[in-house]
Amino acid sequence: MLPDTPIELTIDRLGQLGEGVGSYEGRTVFVPGTFPGERVRVRLEQEGKVVRGHLLGDVVAPSPERRRSPCALNARCGGCDWLELSESAQRAAKQEIVLSALEHLGRLKRDSFAVRPLLMAPTVFGYRRRAVLHFLKDELAFFGRRSHDRVPVSECAALVPVLAELPGKLAPLLKPVAKDADEVHLLAEGDKAAFAVMLKGQVTQRHVEACDVAVRKLRLEGAVLVPKEGSPRIIGKPVLRSVSPLRPEVPLYLRPDGFSQAHAEANVGLVTSALYELAPRETDSVLELYSGNGNFTFPLAASAASVLGVESSPVSVDLAQRSAREGGVTNVRFHQGDARKVCEGLIREGKRFDLALADPPRTGAPGLAKWMKMLGVRRVVYVACDPGSLARDAAGLVDAGYKPLALQVVDMFPQTHHVESLMSFELSS
């Protein structure tokens with residue numbers, strides 16, 4: 001039984017979801033909005049299998065790493081949950097969260113692989129070049145902390161300058177689509193911006209007219225209306241041109257209804273690290289799973305004999321193929337389809353690859369170890385945005401005979417608990 005009255009407890013560490021973690025009579029307690037070393041007064045509640053402490057009043061004894069948040073929405077918005085924690089403490093916590101997940105969920109001892117120094121993001125505020133917002137009547141909103149409650153936002157300092165004030169400017173212009181839409185996706189590259197509206201049903205003329213007005217009035221590059229079923233409707237020129245990391249001669253194209261890394265500068269470090277760990281040679285064939293718009297593909301192709309990119313999103317595949325054509329890259333090929341089905345097909349055909357890179361979504365890549373072994377892959381680099389999925393899939397690779405080589409944590413999302421990491425594995429002889 002949990003006590004009916006408030007208790008005091010000490011926060012020992014930060015958990016995988018960014019919450020402070022303490023203990024009460026041997027039970028783990030998660031306390032949102034708290035940091036290691038703090039003494040807090042909380043009311044305990046059972047939420048499913050988890051005990052959560054709800055903070056009462058101010059922190060009794062704050063951590064020296066705690067600071068004042070620069071954002072007025074910080075207490076409610078679910079975006080930047082670590083704004084009140086110093087950057088140095090954030091980085092140390094992220095490294096520990098990934099290592100702890102590998103150790104406790106993946107059963108990988110810390111001394112069984114090299115741990116690279118954390119790769120710091122060069123910009124810690126105003127860095128996000130993409131965002132997902134939701135309608136709240138006539139306003140655009142972010143989800144609240146640990147909920148789907150909507151927090152209206154007119155401007156956001158976490159976004160790059162060209163996007164920072166766009167939510168407040170865009171919302172009234174998109175009023176005609178508000179009831180028919182699930183989400184609005186913002187995207188920027190340099191000083192150019194575009195948006196996508198994810199609809200609950202089909203595109204109507206009213207939707208097209210509203211988005212066209214928004215593009216023209218706000219001097220945006222374009223917009224994409226994405227229906228529940230069927231083909232997207234393009235308005236203006238929503239495809240933004242960037243350059244491939246490490247290969248500036250190859251264009252890399254982004255669209256607001258497709259995936260791209262949120263931090264453009266940190267992404268260069270991520271790609272550089274992935275290539276270093278994979279170490280492709282000019283005779284190697286590379287299989288790249290979840291290849292997106294070619295973020296890793298073209299840098300890989302500069303050193304390898306060939307790269308086969310597998311990606312389920314037709315939008316991303318189209319963008320990647322355009323990059324290959326315009327960049328004159330002839331040793332890459334893209335296959336649009338589900339990673340599991342494509343890998344099983346490659347196995348049936350008796351295909352073999354020397355190296356593989358996987359950059360799956362948050363849910364990870366179940367089955368990856370079996371695919372790698374049967375395709376003859378000798379070295380794998382796994383890029384992860386979720387420590388739990390990394391730990392699970394890493395354990396699978398180890399069970400299949402792959403030795404963990406090195407872990408690289410990248411601070412892709414400053415001011416939040418989210419963390420990007422990559423890990424390399426090599427087939428034991």
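For this chain, numbers begin at 1 and follow the sequence in order.
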Check whether E38 reaches the backbone of F35 with its side chain - one donor and one acceptor, N or O, closer than 3.5 Å.
yes

Between D284 (side chain) and A304 (backbone), is there a donor-acceptor pair under 3.5 Å?
no

Ring geometry between H263 and Y127 (parallel below 30°, tilted from 30 to 60°, perpendicular above 60°)
parallel

Would a 4.5 Å heavy-atom cut-off, applied to side chains only, mark L407 and S421 as touching?
yes

If you look at every heavy atom in A266 and V410, which pair is closest and at what distance?
O-CG1, 4.3 Å

All heavy atoms of P167 vs all of A164, minimum pair found to be CD-O, 3.8 Å

Cation-pi geometry met for R247 and F298 (6.0 Å, 45°)
no

One pair to check against side chain to side chain donor-acceptor pair (under 3.5 Å): R145 and N74. What are the steps and the verdict?
CA-CA 9 Å; R145 288 198 176 187; N74 180 64; 3.3 Å; yes

Q415 and Q90: CA distance, side-chain angles, deciding distance, side chain to side chain donor-acceptor pair (under 3.5 Å) verdict
CA-CA 7 Å; Q415 319 311 330; Q90 290 181 34; 3.0 Å; yes

Can you check whether S285's main-chain N or O pairs, donor with acceptor, with D354's side chain at less than 3.5 Å?
yes

S242/E189 under side chain to side chain donor-acceptor pair (under 3.5 Å): CA gap, chis, key distance, verdict:
CA-CA 7 Å; S242 182; E189 177 59 29; 3.1 Å; yes

For the residue pair V317 and H335, establish whether any side-chain heavy-atom pair is separated by less than 4.5 Å.
no

So L2 and E45, do their side chains get closer than 4.5 Å, heavy atoms only?
no

Given ring pair (Phe, Tyr, Trp, His ring centres under 6.0 Å), test F143 with H134 step by step and report yes or no.
CA-CA 8 Å; F143 279 148; H134 312 268; 3.8 Å; yes

Heavy-atom side-chain proximity of F135 to K179 below 4.5 angstrom:
no

Note, P32 side chain near R52 side chain (heavy atom, < 4.5 Å):
yes

Going by heavy atoms in the side chains, are E183 and L133 under 4.5 Å from each other?
no

So, are R91 and E87 salt-bridged, with charged N and O less than 4.0 Å apart?
no

Between the main-chain N or O of V307 and the side-chain N or O of E288, is there a donor-acceptor pair closer than 3.5 Å?
no

For L427 and R379: C-alpha separation, side-chain torsions, deciding distance, then whether side chain to side chain contact (heavy atoms under 4.5 Å, CB included) applies.
CA-CA 6 Å; L427 190 61; R379 180 173 289 199; over 6 Å; no

I want to check something: taking the side chain as every heavy atom from C-beta on, are S291 and F296 in contact at a cut-off of under 4.5 Å?
no

Is any side-chain heavy atom of Q261 less than 4.5 Å from a side-chain heavy atom of R129?
yes

Electrostatic pair K228:D180 at N-O distance under 4.0 angstrom
no

Flag for Q46-R27: side-chain donor and acceptor within less than 3.5 Å:
yes

